[in-house]
Amino acid sequence: MLELTKALCAMGGVSGDEGEVRDFIRARAAPHSDEIREDALGNLLVFQRGAQPDSAQPDSAQPGGGRPLLMLCAHMDEVGLIVKGITDEGMLRFGCVGGIDRRVLPGCRVLVGGNKVPGVVGLKACHLSSREEEEKIPKLEDMLIDIGASDRKEAEQAAALGDTCVFHSPIAEVGDGYLMARAIDDRFGCACLLRRLAERRPRCDTWTVFTAQEEAGTRGAYAAVNQVAPDIAVIVEATTAADLPDLPPHKRVCKPGGGVVIPTMDGGAVYTPRLVALARALADGGGIPWQDKEYLSGGTDARAIQIGRAGVEVLGLALATRYLHSPSSMAKISDMEHVYHLLDTVAEAL
């Protein structure tokens with residue numbers, strides 16, 4: 001799980017430009033699939049026929065002879081930057097793709113475009129800034145990506161308008177069992193789904209869906225749910241922890257090391273009560289630690305999936321992660337294993 005997550009986090013895949021991640025997942029998933037589709041939005045949909053026949057209800061209208069059609073979901077994309085202009089001096093103007101706190105950007109190293117051209121987000125030097133400028137968060141239009149080009153012509157040979165940029169930061173195991181990496185949200189979820197594809201044949205017909213453009217408004221999930229038409233969907237995510245010491249307890253969301261986050265609701269969805277109860281009961285029965293969100297925040301593909309078709313039952317399983325949507329997120333490695341094992345247990349029960 002850890003090595004697979006690291007490998008996925010090292011790949012670039014800003015919303016709408018998930019090709020590198022998708023190709024890797026397709027190659028790993030193909031040997032374990034009965035069908036693979038890629039749709040117009042870039043979603044990758046992997047079908048596995050259920051291994052257990054259901055003789056009790058052979059004439060049922062439900063797919064799989066009475067058992068639910070199950071959808072397991074994680075998104076491939078990550079937040080990042082996009083090139084919006086090139087100055088005469090060879091600097092790149094940019095915008096954000098997905099929700100990024102611009103406070104993390106100054107001095108940030110990035111990789112630009114498919115050729116992964118190295119650059120840094122530059123800003124006026126502190127000794128040239130006024131006191132007023134030092135006390136304000138710089139606006140995006142005041143920041144530029146410096147790729148070391150001497151003029152516009154040289155910059156245009158390295159980068160183009162519309163190129164996406166990912167944070168360029170190390171992947172490391174740090175401290176007391178933490179993984180530090182870019183894009184744990186949601187390459188960790190993708191790793192969970194890939195592991196389950198390889199390790200277990202599902203009991204009921206299952207679509208394992210790796211969605212595109214989640215960070216740009218859960219767009220891929222809107223398309224995927226209407227193709228798959230599931231009865232039940234389980235969304236595996238990374239969720240913001242917000243457990244820093246300066247935050248009052250009532251504003252902390254969840255805690256790395258506290259186990260699987262099984263939310264009742266978040267900023268985008270109300271999770272199906274019977275599925276939430278099932279997951280928590282299975283976690284208790286299997287000795288898997290779990291927690292709820294103490295402060296409601298964030299959103300997942302469940303927002304789009306829940307209102308697909310005539311409505312879909314949804315369950316979220318999430319990894320508590322610090323510094324989401326930044327160059328370096330941090331999550332507890334033990335939590336990663338707990339999330340996977342609860343996913344496996346829940347999917348079998350469903």
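Evaluation of the ring pair (Phe, Tyr, Trp, His ring centres under 6.0 Å) test over residues 151-181, restricted to residues two or more places apart or in two chains, returns none. Within the structure, ring pair (Phe, Tyr, Trp, His ring centres under 6.0 Å) contacts touching residues 200-224 (residues at least two apart or in different chains) are Phe47-Trp207. The list of salt bridge (charged side-chain N to carboxylate O under 4.0 Å, His left out) pairs with a residue in residues 314-333, not counting sequence neighbours, reads Asp176-Lys332, Asp243-Arg322. Among residue pairs with one or both ends in residues 339-348, those qualifying as salt bridge (charged side-chain N to carboxylate O under 4.0 Å, His left out) are Arg196-Asp344, Arg196-Glu348, Arg200-Asp344, Arg200-Glu348; sequence neighbours excluded. Residue pairs satisfying the salt bridge (charged side-chain N to carboxylate O under 4.0 Å, His left out) criterion with at least one member in residues 111-120, sequence neighbours excluded, are listed as follows: Glu20-Lys116.
Expressed to the nearest 0.5 Å, how far CD1 of Ile82 lies from CG of Asp17 amounts to 8.5 Å. Note that CD1 of Ile232 is 13.0 Å distant from CE of Met71, once rounded to the nearest 0.5 Å. The line from SG of Cys190 to CZ of Phe24 is 10.5 Å long, rounded to the nearest 0.5 Å. In this structure, the separation between OG1 on Thr300 and NE2 on His75 is 8.5 Å, given to the nearest 0.5 Å. With values rounded to the nearest 0.5 angstrom, Leu197 atom CG is found 8.0 Å from Leu72 atom CG. Here the straight-line distance linking atom CD1 of Ile36 with atom CZ of Arg26 works out to 6.0 Å at 0.5 Å rounding.
Checking side-chain atoms of Gln306 against main-chain N and O of Val314 turns up no donor-acceptor pair under 3.5 Å. The backbone N or O of Gly16 sits less than 3.5 Å from a side-chain atom of Glu18, completing a donor-acceptor pair. When atom types are taken as modelled, the side chain of Arg109 and the backbone of Pro118 share no donor-acceptor pair closer than 3.5 angstrom. Of the possible donor and acceptor atoms, none in the side chain of Ser169 sits under 3.5 Å from a partner among the backbone N and O of Ser328. Judged by distance alone, with hydrogens and angles left aside, the side-chain atoms of Asp77 form a donor-acceptor pair with the main-chain N or O of Glu215 at under 3.5 Å. Within the 3.5 Å criterion, the main-chain N or O of Gly50 finds a donor-acceptor partner in the side chain of Asp205. Side-chain atoms of Gln48 come within 3.5 Å of backbone N or O of His32 as a donor-acceptor pair. Between the side chain of Asp163 and the backbone N or O of Ala160 there is at least one donor-acceptor pair closer than 3.5 Å. The closest donor-acceptor contact from the side chain of Asp335 to the backbone of Pro256 lies at 3.5 Å or more, if one exists at all.
Between the side chains of His325 and Asp101, no donor-acceptor pair of N or O atoms lies under 3.5 Å. Counting only N and O atoms by type, the side chains of Glu237 and Thr239 include no donor and acceptor under 3.5 Å apart.
Follow the hydrophobic side-chain contacts under 4.5 Å out from Phe94 and you never reach Val120; the two are in separate clusters. Under a hydrophobic clustering in which Ile, Leu, Val, Met, Phe, Trp and Tyr are joined whenever their side-chain heavy atoms come within less than 4.5 Å, directly or via other members, Leu343 and Leu69 fall into the same cluster. Val117 and Val97 end up in different hydrophobic clusters when Ile, Leu, Val, Met, Phe, Trp and Tyr side chains are linked at under 4.5 Å.
Counting heavy-atom neighbours within 6.0 Å of Asp34 CG, excluding the residue itself, gives a total above 12.
For Arg102, the salt bridge (Lys or Arg N to Asp or Glu O under 4.0 Å) test picks out no residue, with sequence neighbours left out. Listed by chain and residue number, Arg182, Arg187 satisfy the salt bridge (Lys or Arg N to Asp or Glu O under 4.0 Å) test with Glu78 (two or more places apart in sequence, or in another chain). Under the salt bridge (Lys or Arg N to Asp or Glu O under 4.0 Å) criterion, Arg49 pairs with no residue at all, not counting sequence neighbours. Taking the side chain to side chain contact (heavy atoms under 4.5 Å, CB included) definition, one finds that Arg280 meets it with Ile262, Thr264, Val276, Trp290, Asp292, sequence neighbours left out. In this structure, the side chain to side chain contact (heavy atoms under 4.5 Å, CB included) partners of Val225, at least two apart in sequence or on a different chain, are Pro230, Ile305, Val312. Qualifying side chain to side chain contact (heavy atoms under 4.5 Å, CB included) partners for Tyr323, counting only residues two or more places apart in sequence or in other chains: Leu244, Ser326, Met330. By the salt bridge (Lys or Arg N to Asp or Glu O under 4.0 Å) test, Arg37 pairs with Glu35, sequence neighbours left out.
Of all heavy-atom pairs between Leu193 and Val209, the closest is CD1-O, 3.9 Å. Across Ala279 and Leu317, no two heavy atoms sit closer than the pair CB-CD2, 4.4 Å. In plain terms, the two heavy atoms of Val21 and Gly13 that are nearest each other are CG2-CA, 4.3 Å.
No salt bridge links Lys84 with Glu141; every basic N to acidic carboxylate O contact stays at or beyond 4.0 Å. Using a 4.0 Å cut-off between charged side-chain N and carboxylate O, Glu156 and Lys153 make no salt bridge.
With Arg219 as the partner, the side-chain contact (heavy atoms from CB on, under 4.5 Å) test is satisfied by one option alone out of Asp301, Leu41, Asn43, Thr211: Leu41. Among Thr208, Val234, Asp231, Val346, the one residue that satisfies the side-chain contact (heavy atoms from CB on, under 4.5 Å) test with Leu70 is Val234.
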